[in-house]
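The structure presented is a predicted model; accordingly, all values stated were derived computationally and were not measured. Below, each value reflects all heavy atoms present in this structure, side chains not excepted, and no hydrogens, waters or symmetry copies.
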Amino acid sequence: MKEWINSFFRNFLKNLKNIIFALIIAIIVWFAISMQIFPDVTTHVSDIPIEIKATDYMERNALSITESYADTVTVQLTGKRYEVGNLAADDFIAKADLSAITEPGEYTVSVTVTPVKENSCTIYDKDLTVKIKVEKTVSRTFSVSQGTLKATADRVVPPADMKIDSITAEPSTITLTGDSTAVEAVKSVEIRSVFAGETTESVTSKGQIVFIGANGEVIENPDIKVDNDSFTVNITLYKQKTLPLTVQFTNVPSNFDIDSLKYSIYPESLTVSSPDDSLDSQEKFEIGTIDLSQLTTKYLQKLTLPITLPEGYKNISGNTSAMVSFENAENYTFLSYAVQKDNIRIVNVPENFDVEVLTNELTVNVTGPAEEISALASKDIYATIDLMGTTLTPGLKDVTAEFTLRGTNVRSWVTGEYKVSIQVSDRAEDTEQ
């Protein structure tokens, strides 16, 4: 047996060339016979991409394909074995016929398959279809200026002595594109701060885009496209403090009892904010100055002062004016008195001038409590002309007088502005005798 096996291998190796040659001849003969007996074969080519392109009509009417339920097709081919044997998906073009589409909806459309290069194959594509969804596409822009786009930071918590002064989004517009029904359902867009939690300083945060419906509900629709998905939210924090309101008085005579003018201010306080720490040392807010010489019985009843804040401050309370009311205002009255020349004096006269009062009598109004006014006499009223800082030239000049009343802790005052005529002349130089 062993000898027989060895003999077989020796003969096989000796005739190997003849065996290989015979095998090749057999394959050629088989191929030639099969081509003659079976000249055409039927096969399938899979995964041919479907080209779905909107027609001119669809583009003019904003109709677009939003969904295709199949991306490829499989086609049956019949042809010469040597032609169809090596064909693949990229040797064919499959096109969907959208010529009948004129409005939104779901359609089943036919697909035509053609070879990239000419060949004699027969393509069976009569029953090839693809299901698509067509929508009317619209675009709508939402903006901060129109009130349809806003930034929010509901989860940002400032400390008790600070407040969120402003929340802004960048950029300030966003354009939504998609099916008309879906886009029209969105009534506003919020850019929500991704940052959340406590903070003691202003924050710039990434913004999350949220679509809001007519009833305030959140709309989640991945088919709505945005022109920009990168937003930032700027959250500005201001210091906040509530300050009592006060007023100051000017043109108050040195002997006037300012505490006798009891008053109240409405509102009593104002809540303000500032971008820096200047409020930390602020204990009150002065709304204005009251000129005592202009405070008549009319204004004692009710005096309104505007509230003006320093640059950069914010008026949280919103009050733009404050009303000052004086207690017992009904007990105040006024009378007119004639101030004589003897009660008019001039102070701080420059050394190089002589000044003479020309006014002999000056009628003034005095306001105060009725009981004090009734006991007042003209001789109790003094006028003072202070020439400090006044530029003088020889001639007639009218200057403003300031008034005081006799006594201490006086509760009445002269109201109004009054001029006194004076004669100014150069002082004669002293000559040695």
So does Met388 get a backbone contact from the side chain of Asp386, meaning a donor-acceptor N/O pair under 3.5 Å? yes
Please say whether more than 12 non-hydrogen atoms of neighbouring residues, nucleotides or ligands are located less than 6.0 Å from NZ in Lys136. yes
Salt bridge (Lys or Arg N to Asp or Glu O under 4.0 Å) partners for Lys206, two or more places apart: none
With side-chain hydrogen bond (donor to acceptor under 3.5 Å, both in side chains) as the rule and sequence neighbours excluded, what pairs involving residues 156-176 come up? Thr141-Thr175, Asp161-Lys239, Ser166-Thr236, Glu170-Asn234
Side chains of Pro158 and Ile235: does their closest heavy-atom pair fall under 4.5 Å? no
Quick one: do Lys133 and Glu135 make a salt bridge, cutoff under 4.0 Å? yes
Side chains of Arg345 and Tyr382: donor-acceptor distance under 3.5 Å anywhere? no
Beyond-backbone contact of Leu176 with Val186, side-chain heavy atoms, under 4.5 angstrom: yes
Residues Asn228 and Ser230: side-chain donor-acceptor under 3.5 angstrom: no
Which atoms form the tightest heavy-atom contact between Ser139 and Thr177, and what is the distance? OG-OG1, 2.9 Å
Any Val189 side-chain heavy atom under 4.5 Å of Ile212 side chain: no
So Thr296 and Phe334, side chain to side chain contact (heavy atoms under 4.5 Å, CB included) or not? Walk me through it. CA-CA 8 Å; Thr296 63; Phe334 76 95; over 6 Å; no
Walk me through it: do Val113 and Ile93 pass the test side chain to side chain contact (heavy atoms under 4.5 Å, CB included)? CA-CA 6 Å; Val113 179; Ile93 298 174; over 6 Å; no
Can Ile422 and Val355 be said to form a side chain to side chain contact (heavy atoms under 4.5 Å, CB included), step by step? CA-CA 7 Å; Ile422 60 175; Val355 178; 3.8 Å; yes
Under 3.5 Å, side chain of Asn61 to main-chain N/O of Tyr57, donor-acceptor pair present? yes
For Asp179, check salt bridge (Lys or Arg N to Asp or Glu O under 4.0 Å) against everything at least two apart and list the hits. none
Hydrogens and angles aside, do Ser412 and Glu372 bring a side-chain donor and acceptor to less than 3.5 Å of each other? yes
Grab the two heavy atoms, one from Pro267 and one from Leu245, that are nearest each other, plus how far apart they are. O-CD1, 3.1 Å
Verdict with reasoning, Phe353 to Leu387, per side chain to side chain contact (heavy atoms under 4.5 Å, CB included): CA-CA 11 Å; Phe353 288 103; Leu387 298 180; over 6 Å; no
Neighbour count >12 (heavy atoms, 6.0 Å) for atom NZ, Lys298: no
By salt bridge (Lys or Arg N to Asp or Glu O under 4.0 Å), which residues pair with Glu371, not counting sequence neighbours? Arg411
Between Asn343 and Gln340, is there a donor-acceptor pair closer than 3.5 Å when you use the side chain of the first and the backbone of the second? no
Counting only heavy atoms not in Asn86, do more than 12 fall under 6.0 Å of its CG? no
Min side-chain heavy-atom separation Ile346-Val357 under 4.5 Å: yes
Is Lys419 salt-bridged to Asp398, going by a charged N under 4.0 Å from an acidic O? no
Taking ring pair (Phe, Tyr, Trp, His ring centres under 6.0 Å) as the definition, give me every residue that meets it alongside Tyr418, ordered by chain and number, with sequence neighbours left out. Phe403
Heavy-atom pair of closest approach, residues Ser180 and Val138: CA-CG2, 3.5 Å
Indicate whether the side chain of Thr137 and that of Ser64 have a donor and an acceptor atom separated by less than 3.5 Å. yes
If we ignore angles and hydrogens, is there a donor and acceptor under 3.5 Å between the side chains of Gln423 and Glu356? no
Minimal heavy-atom distance between Ala370 and Thr333, with the atoms involved, is CA-CG2, 3.7 Å
With a cut-off of 6.0 Å (strictly less than), are more than 12 heavy atoms of other residues, nucleotides or ligands near CZ of Phe249? yes
With a 6.0 Å cut-off (strictly less than), is the heavy-atom count around CG of Asp276, excluding the residue itself, greater than 12? yes
Counterpart residues, salt bridge (Lys or Arg N to Asp or Glu O under 4.0 Å), relative to Asp354 (two or more places apart): Arg427
Between Thr78 and Thr42, is there a side-chain donor-acceptor contact under 3.5 Å, judged purely by atom types and distance? yes
For the backbone of Val134 and the side chain of Thr66, can you confirm whether one donor and one acceptor N or O come within less than 3.5 Å of each other? no
State the CD1-OG1 distance between Ile101 and Thr55, to the nearest 0.5 angstrom. 7.5 Å
Could you pull out all donor-acceptor pairs under 3.5 Å where a side-chain atom in residues 303-325 meets a protein atom, sequence neighbours excluded?
{"residue": "Tyr313", "atom": "OH", "partner": "Ser278", "partner atom": "OG", "Å": "2.7"}
{"residue": "Asn315", "atom": "OD1", "partner": "Ser317", "partner atom": "N", "Å": "3.2"}
{"residue": "Asn315", "atom": "OD1", "partner": "Gly318", "partner atom": "N", "Å": "2.7"}
{"residue": "Asn315", "atom": "ND2", "partner": "Asn319", "partner atom": "O", "Å": "2.7"}
{"residue": "Ser317", "atom": "OG", "partner": "Thr271", "partner atom": "N", "Å": "2.8"}

Heavy-atom side-chain proximity of Thr199 to Leu237 below 4.5 angstrom: yes
Residue pairs passing the salt bridge (charged side-chain N to carboxylate O under 4.0 Å, His left out) test with at least one member in residues 211-236, sequence neighbours excluded, are none
Heavy-atom side-chain contact between Val73 and Val130 under 4.5 Å: no
Closest non-hydrogen atoms of Ala94 and Val111, given as atom of the first, atom of the second and distance, are CB-CG1, 3.9 Å
Quick check: do Leu292 and Leu261 have side-chain heavy atoms less than 4.5 Å from each other? yes
Take Asn365 and Thr415 through the side chain to side chain donor-acceptor pair (under 3.5 Å) test and state the conclusion after the steps. CA-CA 6 Å; Asn365 292 327; Thr415 55; 5.1 Å; no
When you measure from the side chain of Asn255 to the backbone of Leu405, do you find a donor-acceptor pair of N or O atoms at a distance under 3.5 Å? yes
Any chance OH of Tyr299 has more than 12 other-residue heavy atoms, nucleotides or ligands included, within less than 6.0 Å? no
Which pairs with one or both residues in residues 183-198 pass side-chain hydrogen bond (donor to acceptor under 3.5 Å, both in side chains), sequence neighbours excluded? Glu190-Arg192, Ser193-Ser205
Applying side-chain hydrogen bond (donor to acceptor under 3.5 Å, both in side chains) as the test, list every pair that has at least one member in residues 101-114; sequence neighbours left out. Tyr69-Glu106
Compile the donor-acceptor pairs under 3.5 Å between side chains in residues 145-154 and protein atoms, sequence neighbours left out, one pair per line.
{"residue": "Ser145", "atom": "OG", "partner": "Ser143", "partner atom": "OG", "Å": "3.2"}
{"residue": "Thr148", "atom": "OG1", "partner": "Ser143", "partner atom": "N", "Å": "3.0"}
{"residue": "Thr148", "atom": "OG1", "partner": "Ser143", "partner atom": "O", "Å": "3.3"}

My understanding is that only residues two or more places apart in sequence, or in another chain, count here; which of them pass side chain to side chain contact (heavy atoms under 4.5 Å, CB included) with Arg155? Ala196
Any side-chain heavy-atom pair of Trp413 and Thr367 under 4.5 Å: yes
Which heavy-atom pair separates Val233 from Gly207 by the least distance, and what is that distance? CG2-CA, 3.9 Å
